[in-house]
Number of protein chains: 2
Amino acid sequence: MTETADIECRIAAMFRALGDPTRLRIFSFLRSCCCPVAVDESGEVRTVQGPTAGEVCCSITGSEKVSSTLSFHLKELRVAGLITMERRGKNRVCGVNTQAADELAAFLAGGEAPTGCDG
Amino acid sequence: MTETADIECRIAAMFRALGDPTRLRIFSFLRSCCCPVAVDESGEVRTVQGPTAGEVCCSITGSEKVSSTLSFHLKELRVAGLITMERRGKNRVCGVNTQAADELAAFLAGGEAPTGCDG
DNA sequence: ACAATAGTTCGACATTTCTCGAACTCTGGA
DNA sequence: TCCAGAGTTCGAGAAATGTCGAACTATTGT
């Protein structure tokens, strides 16, 4: 029960992260802009390629400078587990975590019922 | 562009509604407890059967009385379009709007990219 | 070492959200 | 008509969230 509650909280956190228009646009952009993510042999999620934080910012806000606000939203998405970020030189390259997106889609599709009526 | 922004906002609103643990539990419970929803010939969404607000409350909070808090959360879900509520005598019967859930699942599955890089 | 670039973190502030209790509405029954 | 039951709405207060600018960190190039 505590476990399912944890799962539920994690899922709620992901939904919450997508619940802000700016973050949803970031997520959409990241996915639409060909940012594949590979899963390592060790299970580690690694970004293969993708736009930099600056490019995301440019697309979302029009500004070329990464604002603290955009950085904040990227962090929210990252902490929720929806996107990945990895240093590449001076930049930070972003990608979506497709596993997380799949997990949410599966939840919505009704595959699982995290908690039940038996409290 | 304004249209896609609207769609995005509507989707973000649905995600936001599911982003609260209490509401996610309500949504889960509603779906797990056999609450089919039918779509009328006129396109109207009608609840066929489902638990009352009181039963939802009992399942979520353990209390039999529908608190103002639960009523608040039910309203959030309803306004977001994720659930339906319909009067049945003294009670209000709830059901999930599966179309909305499907829409979110489709979004996550990557079928559509509401907004693009061309801002 | 120094400057420039790319992004993050911090502090502050306004806004929103969540929760609670009290008052209210709407319905059905005596 | 009056009362009880089932939810909703309202007002207030605490907590979380989003935004901004300034200071900070990390990396590259000279």
Side-chain angles (χ1 to χ4, degrees), chain A residues 5 8-10 12-27 29-30 35 47 49-80 82-95, chain B residues 5 8-10 12-27 29-30 35 47 49-80 82-95:
Chain A
E8 237 177 20
C9 265
R10 213 169 48 75
M14 289 198 274
F15 279 135
R16 200 188 65 75
L18 291 177
D20 177 90
T22 302
R23 288 196 293 263
L24 189 62
R25 288 181 65 191
I26 293 173
F27 183 79
F29 171 70
L30 243 36
C35 321
T47 300
Q49 75 170 7
T52 65
E55 286 166 340
V56 173
C57 190
C58 192
S59 154
I60 302 300
T61 70
S63 156
E64 296 187 18
K65 276 206 66 158
V66 178
S67 62
S68 55
T69 297
L70 195 97
S71 192
F72 164 75
H73 286 308
L74 284 173
K75 185 177 183 182
E76 292 282 303
L77 287 168
R78 185 159 42 83
V79 168
L82 285 161
I83 70 170
T84 59
M85 295 180 75
E86 170 174 303
R87 187 141 228 146
R88 173 114 28 123
K90 271 195 266 192
N91 304 305
R92 235 169 258 269
V93 173
C94 311
Chain B
E8 235 176 21
C9 264
R10 213 168 48 76
M14 289 198 273
F15 278 136
R16 198 188 66 74
L18 291 177
D20 178 89
T22 302
R23 288 196 292 264
L24 189 63
R25 288 180 65 192
I26 294 173
F27 183 80
F29 170 72
L30 243 35
C35 320
T47 300
Q49 76 170 5
T52 66
E55 287 166 340
V56 172
C57 191
C58 192
S59 153
I60 300 300
T61 70
S63 156
E64 296 186 17
K65 275 207 63 155
V66 178
S67 62
S68 55
T69 298
L70 195 95
S71 192
F72 164 76
H73 286 308
L74 285 173
K75 185 177 182 181
E76 293 280 305
L77 287 167
R78 186 159 42 83
V79 168
L82 285 160
I83 69 170
T84 58
M85 296 180 76
E86 169 173 306
R87 187 144 227 144
R88 173 115 29 122
K90 272 196 264 193
N91 303 306
R92 234 168 260 267
V93 173
C94 310

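Predicted model only: the values in this text are computed from it and were never measured. Chain letters run A, B, ... following the sequence lines, proteins first and then strands; every chain starts at 1.
- Regarding I60(A), its CD1 atom lies at a distance of 12 Å from the P atom of dT19(D), rounded to whole Å.
- Annotation for A53(A) and L74(A): closest pair CB-CD1, 3.9 Å, computed over non-hydrogen atoms.
- Heavy-atom nearest nucleotides on DNA chain C were determined for K90(B) and for T22(B), and the one closer to the 5' end corresponds to T22(B).
- Distance check: M14(A) CE to L77(A) CG gives 12.0 Å after rounding to the nearest 0.5 Å.
- Between the CD atom of E86(B) and the C1' atom of dC26(C) there is a distance of 16 Å, given to the nearest Å.
- Of the side-chain N and O atoms in R87(A), none sit less than 4.0 angstrom from OP1 or OP2 of dA6(C).
- Following rounding to the nearest Å, L18(A) (CG) and dG18(D) (P) show an atom-to-atom distance of 12 Å.
- Atom P of nucleotide dT17(C) and atom CG of L70(B) are separated by 18 Å, given to the nearest angstrom.
- A sub-4.0 Å separation between OP1 or OP2 of dG7(D) and a side-chain N or O of S67(B) is absent.
- For the OP1/OP2 pair of dT17(C) and a distance below 4.0 Å, the side-chain nitrogens and oxygens of R16(B) include at least one atom meeting the criterion.
- Checked against dT9(D), dG18(D), dT8(C), the side chain of S71(B) finds its nearest nucleotide in dT9(D).
- Between S68(B) and the phosphate of dC10(D), there is no side-chain N or O to OP1/OP2 separation shorter than 4.0 Å.
- Put simply, the side chain of N91(B) never gets that close to the backbone of V93(B): no donor and acceptor are under 3.5 Å apart.
- Listed pair T69(A) / dC20(D) meets the phosphate criterion, a side-chain N or O lying under 4.0 Å from OP1 or OP2.
- Phosphate contact (OP1/OP2 of dT27(D), side-chain N/O of R92(A), threshold under 4.0 Å): absent.
- As judged by a 4.0 angstrom heavy-atom cut-off over every strand, R23(A) is placed among residues touching the sugar-phosphate backbone only.
- Between H73(B) and dT17(C), a side-chain N or O to OP1/OP2 separation shorter than 4.0 Å is absent.
- Here the straight-line distance linking atom CD of E76(B) with atom CG of L18(B) works out to 11.5 Å at 0.5 Å rounding.
- Between the C1' atom of dG5(D) and the CD atom of E55(B) lies a distance of 14 Å, rounded to the nearest Å.
- With values rounded to the nearest 0.5 angstrom, I83(B) atom CD1 is found 10.5 Å from R23(B) atom CZ.
- What separates CE of M85(A) from P of dA26(D) is a distance of 16 Å, to the nearest Å.
- Look at NZ on K65(A): it is 9 Å from P on dT5(C), rounded to the nearest Å.
- Applying the 4.0 Å criterion to OP1 and OP2 of dG7(C), one finds that N91(A) has a side-chain N or O inside that range.
- Here K75(B) reaches the OP1 or OP2 of dT9(D): one of its side-chain N or O atoms lies under 4.0 Å away.
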